[in-house]
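Heavy atoms only: backbone and side chains are in, while hydrogens, waters and symmetry mates are out.
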Amino acid sequence: GISTGKSTVINLIKNKKPDYKIVDADLIAREEVKIGSPALKKIVKAFGKEVLLEDGNLDRVKVGNIIFNDSKKRLVLNGITHPYIRLEMLRMILFYQLTFQRLIFLDIPLLYESKLDKFMTSVVVVYCNVENQLKRLKLRNSINSDEEALKKINSQISIEEKKQKANFVVDNNGSLLETEQNLVSVLNDLESVITSKSFKYLKI
């Protein structure tokens with residue numbers, strides 16, 4: 001869910017378990033819309049040159065505002081970018097499989113909304129209650145009104161529903177130390193259910 005602490009948990013995994021592999025959907029998405037990319041050319045054709053910054057890069061804030069308020073345009077954007085993103089994710093997964101990596105985490109912000117959870121062996125949800133989610137979103141995005149922040153939160157499947165769907169939950173309601181302790185417990189559980197010859201596709 002938005003502003004629940006996914007990036008915090010991913011960074012903790014990188015620090016504590018550098019041998020685990022992470023496929024970052026957001027990072028891939030940024031790479032796939034760089035200047036000169038096929039995806040960016042298609043976006044400009046669909047949305048116009050006004051979605052570009054002066055240096056020719058995609059104005060992600062402007063595009064985000066456009067698709068947030070227009071579901072049809074969101075579908076158009078997803079139809080352009082998702083095939084490129086998913087192809088690169090698949091390439092990375094296959095590479096990690098062929099090099100016998102023990103755990104592969106897929107960092108996908110809208111896993112359930114994109115219906116990608118059916119391809120995962122296990123799902124790890126980073127959880128905090130709506131009150132903390134609202135507070136963190138307003139602080140992170142410099143949003144003044146609860147109404148605007150809640151509109152963004154409610155555009156996704158609720159974090160409570162995601163928590164119920166998940167195989168594992170990392171509670172991020174407390175301090176960073178408490179989150180780290182919760183994560184270690186989840187990682188230990190994951191380690192206990194895999195073998196050196198198994199390949200696990202894990203979302204966080």
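Taken together through direct or relayed side-chain contacts under 4.5 Å among Ile, Leu, Val, Met, Phe, Trp and Tyr, Met120 and Met92 form part of one hydrophobic cluster. Both Ile22 and Leu190 belong to a common hydrophobic cluster when Ile, Leu, Val, Met, Phe, Trp and Tyr are linked at side-chain heavy-atom distances under 4.5 angstrom. Residues Val186 and Ile10 fall within the same hydrophobic cluster, defined by Ile, Leu, Val, Met, Phe, Trp and Tyr side chains chained together at heavy-atom separations under 4.5 Å.
At most 12 non-hydrogen atoms from other residues, nucleotides or ligands lie less than 6.0 angstrom from CG of Asn144. By the neighbour-count criterion of 12 heavy atoms within 6.0 Å, atom NZ of Lys135 is sparsely surrounded, having that number or fewer from other residues, nucleotides or ligands. For Phe95, the CZ atom counts as loosely surrounded, since its 6.0 Å shell holds 12 or fewer non-hydrogen atoms of other residues, nucleotides or ligands. Within 6.0 Å of the CZ atom in Arg140, the count of heavy atoms belonging to other residues, nucleotides or ligands exceeds 12.
No donor-acceptor distance shorter than 3.5 angstrom exists from the side chain of Gln156 to the backbone of Leu110, with no hydrogens or angles considered. With hydrogens and angles ignored, the 3.5 Å screen pairs a side-chain donor or acceptor of Thr4 with a backbone N or O of Val126. In this structure, Asn141 contributes its side chain and Ile143 its backbone to no donor-acceptor pair below 3.5 Å.
Contact of the Val23 side chain with the Phe105 side chain is not registered, since no non-hydrogen atoms from C-beta on lie closer than 4.5 Å.
Counted by atom type alone, Gln101 and Thr99 present one or more donor-acceptor pairs between their side chains at under 3.5 Å. Residues Tyr112 and Lys118 have side chains that never bring a donor and an acceptor to within less than 3.5 angstrom of each other. For the residue pair Asn173/Asn129, the side-chain donor-acceptor check at 3.5 Å is satisfied.
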### Query
How far apart are the C-alpha atoms of Leu40 and Ser37, what are their side-chain angles, what is the distance that settles it, and do they pass the side chain to side chain contact (heavy atoms under 4.5 Å, CB included) test?
CA-CA 5 Å; Leu40 182 59; Ser37 67; 3.3 Å; yes
### Task
Carefully, step by step, assess Ile153 and Leu134 under the rule side chain to side chain contact (heavy atoms under 4.5 Å, CB included).
CA-CA 8 Å; Ile153 291 172; Leu134 179 64; 4.3 Å; yes
### Query
So Val51 and Ile43, side chain to side chain contact (heavy atoms under 4.5 Å, CB included) or not? Walk me through it.
CA-CA 8 Å; Val51 297; Ile43 291 170; 4.3 Å; yes
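A cation-pi arrangement is not found for Lys73 relative to Phe47, the charged atom failing to lie both closer than 6.0 Å to the ring centre and inside a 45° cone about the ring normal.
A side chain to side chain contact (heavy atoms under 4.5 Å, CB included) with Leu52 is found for one member of Ile35, Val63, Asp59, Val44 and no other, namely Val44.
Taking NE2 of His82 as the reference point, atom CE of Met89 lies at 10.0 Å (rounded to 0.5 Å).
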